[in-house]
Amino acid sequence: MQEGNETPQLTEDEKKLFEDLMPEDLNEILDTGVNRRHFLKLLTLAGGGILVAQSAAAEQVLTRSLSLPFDNPAPATIENGVTVSFKVNGAARKLLVDSRMTLLDTLRERLELTGSKKGCDHGQCGACTVMVDGRRVLSCLTLAATCEGKSVKTIEGLAQGNELHPMQAAFLKHDGFQCGFCTPGQICSAVALMDEAKNGDASYVTDNVRQKSGPVQLSNEEIRERMSGNLCRCGAYPNIVAAIQEVHSGKPVEQTWQFVG
């Protein structure tokens with residue numbers, strides 16, 4: 001059970017939105033707040049173009065954090081159970097998990113943090129990338145039990161309220177995604193990459209791996225190499241590189257569109 005969470009109060013515009021579009025759910029929403037089912041239902045209406053008249057109120061709801069408390073009991077049939085205490089996106093969590101349970105499954109199934117995606121489940125695609133103590137890891141290959149006492153950050157923990165992390169904003173600006181399935185892992189990997197460059201960590205294209213001379217000025221080749229563990233089946237790689245380069249350099253990167261024909 002998450003502690004310290006309160007049911008968020010709806011504004012008058014938000015109440016009117018739900019009264020008009022989801023009257024059958026209004027009493028439940030007023031009593032317990034907006035849950036995941038309400039959020040997805042509203043998202044479906046948005047996709048159908050029904051929210052034009054109430055776009056401002058809908059934006060407030062769709063960008064709001066779903067911070068409702070929820071019961072997260074341990075499954076009754078846990079074998080080889082171990083208790084893991086760690087921080088997830090700044091919040092202390094303590095869970096009883098199977099000693100063989102991966103960090104990815106723990107985040108998705110036990111903590112309801114479904115931003116990290118299960119792509120290949122073999123550590124080959126990078127869609128599950130999260131940061132543990134500031135270092136990027138493949139959560140599908142990381143046992144939750146090994147995270148005892150550590151700090152885990154997922155895609156849900158990057159934004160500050162309604163303010164996007166600079167890397168998230170850059171991905172939006174440069175269209176660094178298409179289907180979006182790999183995007184959480186891409187962004188987490190890119191954020192960790194910034195710290196690696198700042199610390200002068202070497203990569204496979206570093207000229208002299210024995211010499212650590214401080215922060216690394218990333219070239220596009222360096223970015224491609226350091227991001228090579230994150231696959232994008234849609235092929236948005238040039239846009240991803242441009243987004244990372246813009247955050248790294250602090251300067252606008254020109255968008256170059258390559259058209260066929």
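Between Y237 and N230, the shortest heavy-atom distance links the atoms CE2-O, 3.9 Å. Pairing each heavy atom of S116 with each of E156, the nearest pair is N-OE2, 4.5 Å. Closest of all the heavy-atom pairs between V130 and S139 is CG2-CB, 3.9 Å. The shortest heavy-atom contact between L96 and G81 is CD1-C, 3.8 Å. Across all non-hydrogen atoms, the minimal contact from A236 to D175 is CB-O, 4.4 Å. Shown here for K117 and G115, the closest heavy-atom pair between the two residues is NZ-O, 3.1 Å.
With contacts defined as side-chain heavy-atom distances shorter than 4.5 Å, the pair R93/R110 does not qualify. Proximity of Q186 to M227: side-chain heavy atoms (C-beta onward) are separated by under 4.5 Å at one or more points. Using a 4.5 Å cut-off on side-chain heavy atoms (C-beta onward), T102 and C140 make no contact. By the 4.5 Å heavy-atom criterion applied to side chains, E222 and V216 are counted as neighbours. Between R226 and I223, every side-chain heavy-atom pair lies at or beyond the 4.5 Å cut-off. In this structure the side chain of T83 never reaches within 4.5 angstrom of the side chain of L95, judged on heavy atoms. With contacts defined as side-chain heavy-atom distances shorter than 4.5 Å, the pair V132/L103 qualifies. Within the 4.5 Å cutoff, the side chain of V247 has heavy atoms near those of the M194 side chain.
Atom CD of E24 has more than 12 heavy atoms from other residues, nucleotides or ligands within 6.0 Å.
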Worked check of side chain to side chain contact (heavy atoms under 4.5 Å, CB included) between F86 and E148: CA-CA 5 Å; F86 58 146; E148 172 68 30; over 6 Å; no
Determine whether D195 and K198 satisfy the following criterion, side chain to side chain contact (heavy atoms under 4.5 Å, CB included), listing intermediate values before the conclusion. CA-CA 5 Å; D195 289 333; K198 190 182 299 183; 4.2 Å; yes
For V97 and I78, what are the C-alpha separation, side-chain angles and deciding distance, and is it a side chain to side chain contact (heavy atoms under 4.5 Å, CB included)? CA-CA 7 Å; V97 300; I78 286 184; 5.6 Å; no
Decide side chain to side chain contact (heavy atoms under 4.5 Å, CB included) for V84 and V82; before the verdict, give the C-alpha distance in whole Å, the side-chain angles of both, and the deciding distance to 0.1 Å. CA-CA 6 Å; V84 182; V82 294; 4.2 Å; yes
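In this structure a side-chain-to-backbone donor-acceptor pair under 3.5 Å is present from Q168 to H165. Listed for the H174 side chain is no donor-acceptor partner under 3.5 Å among the backbone atoms of G176. Looking only at distances, a side-chain donor or acceptor of H122 sits under 3.5 Å from a matching main-chain atom of C120. Between the side chain of R136 and the backbone N or O of A190, no donor-acceptor pair lies under 3.5 Å. A distance-only check finds a donor-acceptor pair linking the side chain of E246 to the backbone of V253 [under 3.5 Å].
Looking only at atom types and distance, the side chain of T114 has no donor-acceptor partner in the side chain of R108 under 3.5 Å away. Using a 3.5 Å distance cut-off with no hydrogens or angles, the side chains of S151 and D133 do not pair a donor with an acceptor.
Once rounded to the nearest 0.5 Å, the distance linking NZ of K118 with SG of C125 reads 11.0 Å. Rounding to the nearest 0.5 Å places CD of E225 at 11.5 Å from CG of L218. The line from CG of L113 to OG1 of T154 is 5.0 Å long, rounded to the nearest 0.5 Å. In this structure, L141 CG and L104 CG are separated by 9.5 Å, a value rounded to the nearest 0.5 Å. Atom CE of M131 is separated from atom CG of L158 by 5.0 Å, given to the nearest 0.5 angstrom. The line from OG of S85 to NZ of K150 is 14.0 Å long, rounded to the nearest 0.5 Å.
Between D105 and R100, no side-chain nitrogen of the basic residue sits less than 4.0 Å from a carboxylate oxygen of the acidic one, so the salt-bridge criterion is not met.
Hydrophobic cluster membership is shared by I244 and V191, with clusters built from Ile, Leu, Val, Met, Phe, Trp and Tyr side chains linked at under 4.5 angstrom.
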